[in-house]
Each structure stands twice: as C-alpha cells, then as structure tokens.
Amino acid sequence: MANYNTMEIMICVAARELEDGATVGVGTGAPCAAAMLAQKTHSPNLVIMFEAGGVSPILPEMPISVGDSRTFYRAVMASSMCDIMDTCSRGLVDYTFLGGAQIDMYGNLNSTIIGEDYRKPKVRFPGSGGANDFASFCWRTIVMTLQDGRRFVEKVDFITTPGWLAGGDSRVNSGLPPGTGPYKIITNMGIMDFEPRSKRMRAVSVNPGYSFQHIQDNCGFELLQAKDTLQTEPPTEEELRILREEVDPYRYVIGR
Amino acid sequence: MANYNTMEIMICVAARELEDGATVGVGTGAPCAAAMLAQKTHSPNLVIMFEAGGVSPILPEMPISVGDSRTFYRAVMASSMCDIMDTCSRGLVDYTFLGGAQIDMYGNLNSTIIGEDYRKPKVRFPGSGGANDFASFCWRTIVMTLQDGRRFVEKVDFITTPGWLAGGDSRVNSGLPPGTGPYKIITNMGIMDFEPRSKRMRAVSVNPGYSFQHIQDNCGFELLQAKDTLQTEPPTEEELRILREEVDPYRYVIGR
Amino acid sequence: MRVLDQSKGRLFTDPDPDKARDFFRSKSRKMESKVMNLSDAIAKYVHDGDYLAVGGFGANRTPIAACHEIVRQGRKGMAFAGKTATHDFQILAAGEVFDRVDVAYIVGLEARGLSPCARKYMESGRVEVCEWTNYGLAGRFRAASMGVPYIPARNILGTDTFIRSGAKIVECPFTGKLLTLLPALYPDVAVIHVHEADVYGNARIKGIMVMDGELSKAAKHLILTTERLISNDEIRRDPTSTSIPYYLVDAVCEVRYAAYPGTMAYEYFSDEEHLQEWLNVQKNQGEFREFLNHNIYDCPDHYEYIRRHGGTEKMNQLRQKELLLHKEISHG
Amino acid sequence: MRVLDQSKGRLFTDPDPDKARDFFRSKSRKMESKVMNLSDAIAKYVHDGDYLAVGGFGANRTPIAACHEIVRQGRKGMAFAGKTATHDFQILAAGEVFDRVDVAYIVGLEARGLSPCARKYMESGRVEVCEWTNYGLAGRFRAASMGVPYIPARNILGTDTFIRSGAKIVECPFTGKLLTLLPALYPDVAVIHVHEADVYGNARIKGIMVMDGELSKAAKHLILTTERLISNDEIRRDPTSTSIPYYLVDAVCEVRYAAYPGTMAYEYFSDEEHLQEWLNVQKNQGEFREFLNHNIYDCPDHYEYIRRHGGTEKMNQLRQKELLLHKEISHG
C-alpha cells in the first residue's frame, strides 16, 4: 500500500466524488487540488468555477487566492462574482467544497466567531466569504476538514453557512432552494453523509487505519453509523503520482 | 429672417434646452438631431446615451436605429440596456426626448393602442419601447410633437408613458422618483410647460407666425397660458447651417 | 410589504426559480462540440408553443436567418418576447408563428415606419398581449438570470402599461417607497447572433450587448448563430472578451451574414432598400405572399437568401458602408 | 408580501434611492481631465466617517497604494466594506481607520493565514460589525447600481449570518417562496485599481471584474488608480473594452504597481515574501510599529514603497512570474 499523508487521502477521496461533466465552485487549497486531480484522472470535462469570476481555467499551478490571475489563466471566460454566483443561484453548479472552524451534526458551518458575545468575540474568523452563497445555491456541498472533537461540535457558536440547519425539513422550510444541502463530509478518518430523514451526520466509510470508534472519539456529538459502513479505498499510486507531480508539485497544499 | 420648415424649428428649439455638460437619453430622428445640434453649437460636452448601450459616441451621421452601429461609433463605452437604464434609474441622466401618438394635458403619452377594446385595438402602435423607462427615471422629459388636435387629446386611450398622471401630486404619489416629470412640450407652433401646482399644460412661448389661439385651436383640451407668453426666437442662420450641413446632410429627419 | 396593486396581464411563463433550477440541473455542462446546421438547431430546440426570445435590438445583430428558418419550418402557437422587435417581429408575424407576445416595442421598424402585416396581425384579436417596456423585459431576464422570482424597479408605475403588464406594486420594507416587481422570464429558447464563437459555444459580441447578457442566462435553451467559428485556443487567449460562456449554449451555427438585412456592427450595415421593399410589398397581399415565398418559403437557406440579394458583392458594399469606407471612397 | 424575519444588524448607509438620486443629480457629467496625484485625491474624496469600499478581490487588483495613503493621512471613524478584504483589510486595520465593517470576509489572507493585527482589532469590541457574504455585498452594490432600495436573493436564509445582517426575509408575492432582501449600499467613496484609464476616467479592467462593475456604479465618489494612462482616442477605438465610463469617476491617479504587493493580472504577480513579512512582523508590537513607519508613515508615496522593496528589478521578476516566464526561464 502506498504511503500518503492526511491531506493526500482527503484530496484523493474528494476528487472521486466529482463526476465528469459536473460543475464545481471551489476555493483555493485542498478543494482546488481535489478538482484538479479529478480533471487529471476520471473527469477531464469537470468545469471549475471560482467565485471571483474565473471560469474553467487551465490551471498552470495551484492558485494562492480565489481571485488571483491563475484562476482565469487560459479560462473560457473572465467574469465577475455576480455572474458566477448568479450561475449557482440559477442551479447550474453541481458541487461546492467548503471548510470551517466548526461543524455540527447537521453540517452547519461556523467560520465567523468563537465566543458568546458577538460584539466582542473571543476569536474572530474571516466570516462567510462566498461559503454561505455556495452552500445555499450549489446542489451538493462537500466539506473537507480534519476529524477533531473541537471542530465537530454539538452546537456551533455561529451558523455562518447553512447545512441542514435543525435537521428534518428545516432547511427547505427556511426558504433555501429545495434539493440543495450538505452531501458528504470528508475527513482524514472517514466519510460521512446525512441520514435522509433526520439529516443527522452518519459515517458511511472508514479510512484505512481507522475504525468507526476512532471517528466517534474525535467527534463532539453522537454520529450515526450506516448499516454497511465501507472501507475507504486508499489513494492509488496513480492518484498520488498525479497529485504530487502535476497538481501540487510545490506541495503548497499536501505539505512537505 | 431665415426660411425653415416645421421640423427644423422644433429641432433648433429643442437643442437650446440642452445645457453643456448635461446627459441626455435620446432616440433616433428628431431627438438625436437636436442633441447633435446642441453639441455642435452651445453644448460641446453634452453626453448622449442610447438605450441599447451606446455612450457618448462621435456620431458620424444620423443613426437609423437606437441600436445601430453609429450609436457607439467611437463611443467611450459600448454597454448594455440594463447599464444605460440603471444609470437613468440612479439619477445620472438629466434629459430625455420623447414623442407619442397622443398626449394629454398632463403630458401623459400614448404609443400603445387607439381604440376601446384593448384585446382588439383599432390601431396597434409599437408600445413603450424605452419611453416609459426614460420618462420614469430621467429628471426632465421633453416631448417633441406636431401641434394637432388629434394628438393633443382630453384623455389618451392608453397611458403608455407617465407624464404628471392625473396632475397635482399624483405622479410622485404613484411612486415615481420625486423631481422627475414632463418639462417642456415642443411643437411646430410653440413651447408648453406645466403649471407647477396643477401640473396642467401651459403655453409659454409662441413660434413665429403663430398665436396662442393657433395653438389652442390645434389642441383637444383647454391650455393654460403663461402670464408673459414669449415669442420663440426663430432658428438662426448658423443653427440652420449646422443642422443642414453637419447634423443631417442627407435630410433624413428635416426632410427634402 | 403589502401588494398594493395588481396588474391584469397574464404571465406566459412561470417565474418560479426552483422549476428553472430543476431544468438547469439537468442541462449538460460538458464542453463538447455543439456545431450543427441552423435548420437542425431550429428543429431540435424551437417547438410549437414554446416561449421564444431573440437577441439584438431593432434590426441590429438580430438573428434574421433563424427567424426565417422558424417561419420556414412552420412553427405555430409560440409566445414571443417583443423587446424592440422590429424586422424580426414582422418576419415572425408574417409566418403567424406566435399567438402570445410580451410587448416592449413591436410592429414598428423605428425610423423606417410601421409594418402593415405585423399591425394587421396584432389588430386581429388573435394575439394575446402583455405590456412591458424595454427595461421591464430586460429586468425580467435579469431576474431569471439571477435565479430569483422577481426584481424590483421604479418604472411603469402609474400607467396603463402597468395595468396591462404582469407586474405587481408593493411597498418597500426598507424605505416605504412603492416599487414595481418585475417577474422572472425564463424563455424556453433564445437565439442570439454573435461575432465569434468556438465549437463549444464560448462566444464574443463586439459593441453593445443590449440585453443579451441577461437573455443568454435566462433562456433554458440557447442557439447561437455566429458570423464565424473561431478556435477554443483563441477564446482562451483572451477570456476577458468572452461574452457568453459555453455552458449556456445548446447549438452553435456558423451563418455568415445571419443578421442581414439588418446591421452587424463592424461587419456590415443594414440593407435599407431591401428593408423598404419588405415594408412596401406588404401593401398588396398577393405580392407579399409571393415575396415571402421568394425570400423565405422557397429559399432553402440563408446562403441562398444572400445570393438572391446581391451575394458577396452586395455584402462588400454593406461592409464598406458599415466601416464608413463609402465616404472615403466618394471623397477619394 | 409580509416581512417574516428581521435581522439585528445595523445598516451603516441609507438604502434610499431618492437620496442617492439627489446626490447623483448634482454630480458633474462633464468630460474633463480628472488627473491628480493620489494624495490629493484621497485628501479630497476620502473623509473621516465616510463609508469606504475598495475594488479587487483578496490581494488581487486591490488598490494598496490608496490604502497606504488613507492610513498615512490618518483617516478615522470610517465604515468599510469587508468584501473578501485581505491585505487591504489588515492595512486599514493597522491604521485603525474604520470602526464599522460590513463583513463578507475579513482578517484572513486566504491561504496565507490570518492577520494578528486585524484579528486583535476586530476582537477589541471597538468595531461595530454587520454580517453579510460575498454575494450579499455584491448584491447590495448591485441594488444601488440599479437605483432600487434592495434586490431579492436566496442566500443567508436560516443562518446566524442573516440574524447579524441588515437584511429582511419576505414572502415572494409571485411564488410564495421566502426571499432575502439585500438593501442597497451606496458607499461614500470607492477606490478601484484598473489597468488603463484615460484622463477623464474611462477605464479598462482586464480579466475578472469581481464586483467592481457594480461597485463603480454604487459609489457616490470614485477614485481610480491606474497602471497607466492611455489616450481618449485609444478608448474610443474600442468602446467594447471599456469597463468603467468616465461619468462615474471623480479622480484618475496614475500609480504604477498600485496593487503591489498583491497581484495585478497580466502585469505582476504578488510578492509572497513581503506578504509573509507583513504577517510575521505583527507578532511583535514594536517591530510592527517600526515596519508600519518604514512602509507607510515615513514613506512619502508608493514609488518610494516600491523602491524600498526592490524597485524595477523586483517588479520585473514579479512580471516574469505573472506571465509564467520564470518557468520557461528555469527550463530554458
């Protein structure tokens, strides 16, 4: 079995979720690496969109910013934020990848503040950026994050970005477009989805070297477990080669 | 005194209303000729905008269409209808010139239908085009039309484009932006404005060769008369020379 | 935020963004060649009863070749977006293609006059009308392009245009002001003529966009006619110049002079004599029928139409006129 | 159309389009030279207490020179549009220029990390915050650009982001769906960095526009910094390429490398080492003060700032990197 690190397996697993011909709104870092890897493996027609306006570039290297010039290098269009987000709002964008400082059992994300006093927060994080917009509009939200009890919390301090909100039908009742919502959570230990009725987070696949219990031990709330929990296929030699040599040769994302 | 025809005096009179540095939304034909004449006489910095997207072109000849390529020939920007109309809506456009099949004493314009059965009209006209938009947003609407009792009617069959609506405060009460409204009506016989309180049409200037009574005789409703009705200055030799030689050398608008 | 006034016009399309989202979800995003001939594209994407919109403004960058083909194929019962529809409108009216029209500007050809056949059809009582304005229809496309059921505006207030529209008037919850709400318009199909496109549908428009940016996004299906195909490499060389991205596009048809007898900026000026012929011949029903046969029904395609109107030599003259070279030539 | 939910955030600007119209009515539309030096432009159009927005995205095409000048001139009590504000945000935070922020994205520099000084300032309780998203702020500028008090959207529903925003939730009168209403945001002043502008302010941006189209129209006053002045003749040669028309613009300042140490597409790539220096030096208060003196307070202008960071030679290296020439060179 190939050697790989935490970030490498997350990127490889995420890339597999992106089928050929899909559209994906991505940020920089791991999401962008996953999309690039998918393009170079099974999804040559994957369409990458950046919220600042870049559409389907031929990425010469990992962008540093969602709006840097790499994001529209030999793109089919250099557009605008309104154009990209309108396109998401119209229902043309299939996937988005997000992260966050905290996530709860319904996939709600916090990237705004830690602390109880909103006016004087203990920690101020960047805020939504385009995350709330992407998660509201794109059909399927995939979250990539490290499995950690301080990230997977019972209740996020602030819902920056909507998951399934309070579960059940609460998301669609809030007015968010029907058919959207968190789809998969990809961590270093496994893959979670959401139980269709309650919308509670559920482990569906366990990464090599981990068990369901490992995941539960690093999760601040009770996880559901799918009936037939799978073993995640480890990254293949080919995936790792492309990731290391073509996608991220300077190891900006996968680390040194 | 110079010889001139009906169209020539209307264009010359209209041109004088446009002060230097103003913005004006124009259609083709007489409005465009008036704006071009103003540019070539007293208002070199007059900014001409066409609703289809042309901004401040150097018009090589009279456009045939509001959207033809002359309307953005050596323009500072080739834009879009939303951009131009948004600019009007934001309050950046001072004047617009309009016409219509019918006009009433409050300056309401009909360019939609003649007849009582809307579903099967006696005559179908083009409709608003951009007229309703311009008249709603631009600060001052100037109407150029022939003085004719069948055009100046007690009640228009259809209010396509808002004037002062039912007079008084009815325009601003309808929600249209305060400060906008019909400003002057320029005909072959004279110039009308609107009495500030009632918003009824009022003759303020009589063209050479006509009297107030001529105007009233060719108007289907009772006209107010300003206390000191003026005599319209006839077109100067210089205005006519520029109009005939530079603005409309092929006499598309001023006729043969 | 109460609804204060209700119009009487009927909406010919559903402004529900979720129904549109369901459609767009299933629309292919693959970057694959969409090149086909125009008659196949019209056959495939323009159906009886559909809501149709075309790009351009007046007789400028208007997809005239597509309008001819729609009439030639005998489409009926369509709804049409009459957004400063001029020569396109009289062609479609001559074919009695539509029976519902959202009107901003119809039946006229701007300074050229009014179309007798279009007026007669509109005065027949056989066409259902909903009244708007140019900005009103642009706003409806814009709402659709944004994936929202409406956008607010401040036009058509106080007028019969409002009463015969499908808009609503509400009080703004932020300011208390009265606002018009323009409902989203998602056409079933739109045809836009562009200067350049690659085989996937990435397209460039030069000069004014009119409302084609909004329309290209609002339309469920989009047919492009293009003066010329260019390489994807050329598109990628200058992504700033792309006006329409490929994922909005269903068909790409290379049709040179597709806006003739109208104007295509930087390419050719309108053929004013032929447009006058169009208007004049309508005065006589028999002659008009013959004229339509000659120019549309018996004319296999746009190449033949161009050939019947002077071919390359005439197109060169119109190009000279567009580029103002005729002035230099006559002065030279 | 009832208001169903009310947020708790405060609007820092008035969304009333008629107040904005009154302002725009009096704004000059004359096409006259607006060229001035940057420090005069900031002195004239950026005042204590004003609402400020800057163009670009992250550290890309962001008017860094203007941010330095605003800090150098000691502006205070401003409101700021935190629309993926990264390096611009930490500069303005270091100067404690603002005390009210509309937040979409602040305190971070994307993949580069978080700014200690910006976080500290935001955690001090001295800055009033209203929460939005990138599209939310873009929508607010768009509403302003359209001259309407709000536009509807379907984001921020159901979240604390909504609760801490200044938006409202209503029921759509056409569809019954819940919609977010984003109130218009008219900044008192905006600064946008462009590739080319003429002396009147007709400007070209190459590559992505981000939300600068909407912002340029929403702002009451607009300062352009430009990589280079070009002739009005060149602007008129290609009106399709104009991104910002002159009548929106109050000042045109030719400032080469004005986005440094950020990226200017097609011109120069970001100076990642200097940006890391910015982040690292903030760990030590004394060093940071000295660093700010060296780079901003004691630095007369952007030319000197560029000189202190390698001057033309460094700029050439960053140009090579932007154009990916460094790869060809290293492989050559």
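Within every chain, numbering begins at 1; the chains are lettered A, B, ... in the order of the sequence lines, protein sequences first and strands thereafter. Bear in mind that the values here come from a model prediction, so they are computed numbers and not experimental data.
Counting heavy-atom pairs under 4.5 Å between each of D:Lys206, D:Arg126, D:Arg142 and chain A puts D:Arg142 at the top. Per-residue heavy-atom pair counts under 4.5 Å with chain D were compared for A:Gly115, A:Gly130, A:Ser69, and the maximum is reached by A:Ser69. Of the listed residues D:Glu272, D:Met264, D:Met211, D:Lys120, the one with more heavy-atom pairs under 4.5 angstrom with chain A than any other is D:Glu272. When each of D:Phe57, D:Phe141, D:Tyr266 is checked for heavy-atom pairs under 4.5 Å with chain A, D:Phe57 comes out on top. Ranked by heavy-atom pairs under 4.5 Å with chain D, the list A:Gly53, A:Gly129, A:Ala166, A:Ala131 is led by A:Gly129. Most heavy-atom pairs under 4.5 Å with chain D: of the set A:Val156, A:Thr112, A:Val66, A:Ile84, this distinction falls to A:Val66. Residue with the most contacts toward chain A among D:Gly213, D:Ala265, D:Gly158: D:Gly158 (heavy-atom pairs, distance under 4.5 Å). Most heavy-atom pairs under 4.5 Å with chain D: of the set A:Thr161, A:Thr71, A:Asn108, A:Val123, this distinction falls to A:Val123.
Using a 4.5 Å cut-off between heavy atoms, D:Ser124 contacts chain A through its backbone alone, with no side-chain atom that close. When heavy atoms are compared at a cutoff of 4.5 Å, A:Phe158 approaches chain D by way of both its backbone and its side chain. For D:Phe269, the part sitting under 4.5 Å from any heavy atom of chain A is the side chain, from C-beta outward, and nothing else. Neither the backbone nor the side chain of A:Arg171 comes within less than 4.5 Å of any heavy atom in chain D. Using a 4.5 Å cut-off between heavy atoms, A:Val55 does not touch chain D at all. Heavy atoms closer than 4.5 Å to chain D are found in the side chain of A:Tyr73, but not in its backbone. Using a 4.5 Å cut-off between heavy atoms, D:Val103 contacts chain A through its side chain alone, with no backbone atom that close. Only the side chain of D:Thr263 comes within contact range of chain A, with heavy atoms under 4.5 Å apart. Residue A:Asn173 touches chain D through its backbone alone, counting heavy-atom pairs closer than 4.5 Å.
Within 6.0 Å of CG on A:Asn5 lie more than 12 heavy atoms contributed by other residues, nucleotides or ligands. The environment of CZ in A:Arg241 is crowded: more than 12 heavy-atom neighbours from other residues, nucleotides or ligands sit within 6.0 Å. Residue A:Arg244 places its CZ atom among more than 12 non-hydrogen atoms of other residues, nucleotides or ligands, all under 6.0 Å distant. Within 6.0 Å of atom CZ in D:Arg319, 12 or fewer heavy atoms from other residues, nucleotides or ligands are found, so the atom counts as exposed in its surroundings.
Judged by distance alone, with hydrogens and angles left aside, the side-chain atoms of A:Asn132 form a donor-acceptor pair with the main-chain N or O of D:Ile156 at under 3.5 Å. In terms of modelled atom types and a separation under 3.5 Å, the side chain of D:Glu123 and the main chain of A:Pro121 share no donor-acceptor contact. Using modelled atom types, no side-chain atom of D:Arg112 and backbone atom of A:Ser65 make a donor-acceptor pair closer than 3.5 Å. A donor-acceptor pair under 3.5 Å links the side-chain atoms of D:Thr161 to the main chain of A:Thr160, judged by distance alone. Side-chain N or O atoms of D:Glu110 include none that pairs as donor or acceptor with a backbone N or O of A:Ile64 at under 3.5 Å.
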Next on the checklist: Using salt bridge (charged side-chain N to carboxylate O under 4.0 Å, His left out), reason through D:Arg61 and A:Asp68 one step at a time and then give a plain yes or no.
Outcome noted: CA-CA 9 Å; D:Arg61 205 170 46 68; A:Asp68 83 26; over 6 Å; no
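Side-chain contact between A:Phe134 and D:Tyr135 is absent, with no heavy atoms from C-beta onward closer than 4.5 Å. A heavy-atom distance below 4.5 Å is not found between the side chains of D:Thr159 and A:Ser128. Annotation: side chain of D:Phe162 is not in contact with side chain of A:Ile159 (no heavy-atom distance under 4.5 Å). Proximity of D:Met209 to A:Ser79: side-chain heavy atoms (C-beta onward) are nowhere separated by under 4.5 Å. At least one side-chain heavy atom of A:Phe137 sits less than 4.5 Å from a side-chain heavy atom of D:Asn155.
Atoms CG and OG, on D:Asp212 and A:Ser80 in that order, are 10.0 Å from each other to the nearest 0.5 Å. With rounding to the nearest 0.5 angstrom, the SG atom of A:Cys82 is 4.0 Å from the CD atom of D:Glu214. Taken from OH in D:Tyr121 to CZ in A:Arg124, the straight-line distance is 14.0 Å, to the nearest 0.5 Å. Rounded to the nearest 0.5 angstrom, D:Leu324 CG and A:Arg70 CZ are separated by 4.0 Å. A distance of 4.0 Å separates CG of D:Asn134 from CE of A:Met81, quoted to the nearest 0.5 Å. Distance check, rounded to the nearest 0.5 Å: CD1 of D:Ile208 to CD of A:Glu51 gives 9.5 Å.
When all heavy atoms are compared, the tightest approach of A:Phe125 to D:Leu114 is CD2-CD1, 4.3 Å. D:Gly207 approaches A:Phe72 most closely through the heavy-atom pair CA-CE1, 3.6 Å.
Electrostatic pairing of D:Lys321 and A:Glu61 does not count as a salt bridge here, judged by no charged N lying under 4.0 Å from a carboxylate O. Between D:Glu128 and A:Lys120 there is no salt bridge, since no side-chain N of the basic residue sits under 4.0 Å from a carboxylate O of the acidic one. Residues D:Arg154 and A:Asp133 are not paired through a salt bridge, judged by the lack of any N-O separation under 4.0 Å between the basic side chain and the carboxylate.
Side chains of D:Glu131 and A:Tyr118: a donor-acceptor N/O pair is present below 3.5 angstrom, by distance only.
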